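Structure first, commentary second.
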Amino acid sequence: MSTQTATAQTATATTQTPTEQTGARTAEAAALIGDARERIDALDDRIIGLIQERMAVSAVIQEARISSGGRRVNLAREMEVLGHYRDALGKPGTALAMTMLELCRGRV
């Protein structure tokens, strides 16, 4: 996205009312949505931080496994992780776990 486009979008967002920004029909709903979105943004930041931490721990494990003559990836362990996410979150959990595992592979 260009700087001009980002600046125009920011200007548009600041000139919109909270109701227009949230799609709510009342000021009360807009306030609730705004507060909830702030919480979601904070949660997303925490989730990203945890994934980055997991990536670092995974790199340590991979390095130890490879330096001892093992493979970079332990498929049996990955299947455990996939099952854990599936059991906790249903079918979409499997896709989420696959993405996370992909992020954590091959950093060594």
Side-chain angles (χ1 to χ4, degrees):
M1 176 183 311
S2 72
T3 305
Q4 286 181 326
T5 304
T7 303
Q9 287 178 343
T10 302
T12 300
T14 56
T15 59
Q16 290 180 329
T17 66
T19 305
E20 291 169 333
Q21 290 173 350
T22 63
R25 302 254 176 171
T26 66
E28 295 81 19
L32 177 74
I33 292 168
D35 291 344
R37 284 182 178 170
E38 285 180 22
R39 174 126 192 230
I40 285 174
D41 290 344
L43 289 167
D44 285 343
D45 288 341
R46 287 174 47 200
I47 291 166
I48 290 167
L50 289 169
I51 290 171
Q52 290 170 332
E53 183 178 346
R54 190 189 194 288
M55 290 168 65
V57 172
S58 182
V60 169
I61 292 168
Q62 288 176 45
E63 186 175 323
R65 191 181 303 115
I66 291 168
S67 67
S68 72
R71 294 177 166 217
R72 178 177 56 89
V73 175
N74 181 335
L75 295 178
R77 173 62 180 152
E78 288 196 357
M79 293 306 293
E80 289 176 21
V81 172
L82 291 170
H84 181 70
Y85 274 72
R86 183 190 61 245
D87 292 347
L89 303 172
K91 186 177 178 183
T94 304
L96 178 62
M98 286 296 296
T99 299
M100 185 196 55
L101 289 169
E102 183 179 346
L103 286 168
C104 293
R105 282 189 208 120
R107 300 289 187 206
V108 178

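Just so we're clear, the structure is a prediction, and the values are computed from it rather than from any experiment. Position 1 is the first residue of the sequence, and the numbers go up from there.
- Counting only residues at least two apart or on different chains, the salt bridge (Lys or Arg N to Asp or Glu O under 4.0 Å) pairs with a member in residues 77-97 are Arg77-Glu80, Glu78-Arg105.
- Other cluster members for Leu82: Met79, Val81, Tyr85, Leu89, Leu96, Met98, Met100, Leu101, joined by side-chain heavy-atom distances under 4.5 Å among Ile, Leu, Val, Met, Phe, Trp and Tyr.
- Judged as a side chain to side chain donor-acceptor pair (under 3.5 Å), and not counting sequence neighbours, Arg65 has no contacts.
- Contacts classified as side chain to side chain donor-acceptor pair (under 3.5 Å) and involving residues 22-36 (residues at least two apart or in different chains) are not found.
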Would you be so kind as to tabulate the donor-acceptor pairs closer than 3.5 Å made by side chains of residues 42-55, with sequence neighbours excluded?
none

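- The minimum heavy-atom distance linking Ser58 with Cys104 is given by the pair OG-O, 3.2 Å.
- Between the Glu63 side chain and the Val60 main chain, no donor and acceptor come within less than 3.5 Å of each other.
- Here the straight-line distance linking atom CZ of Arg71 with atom CD of Gln62 works out to 13.5 Å at 0.5 Å rounding.
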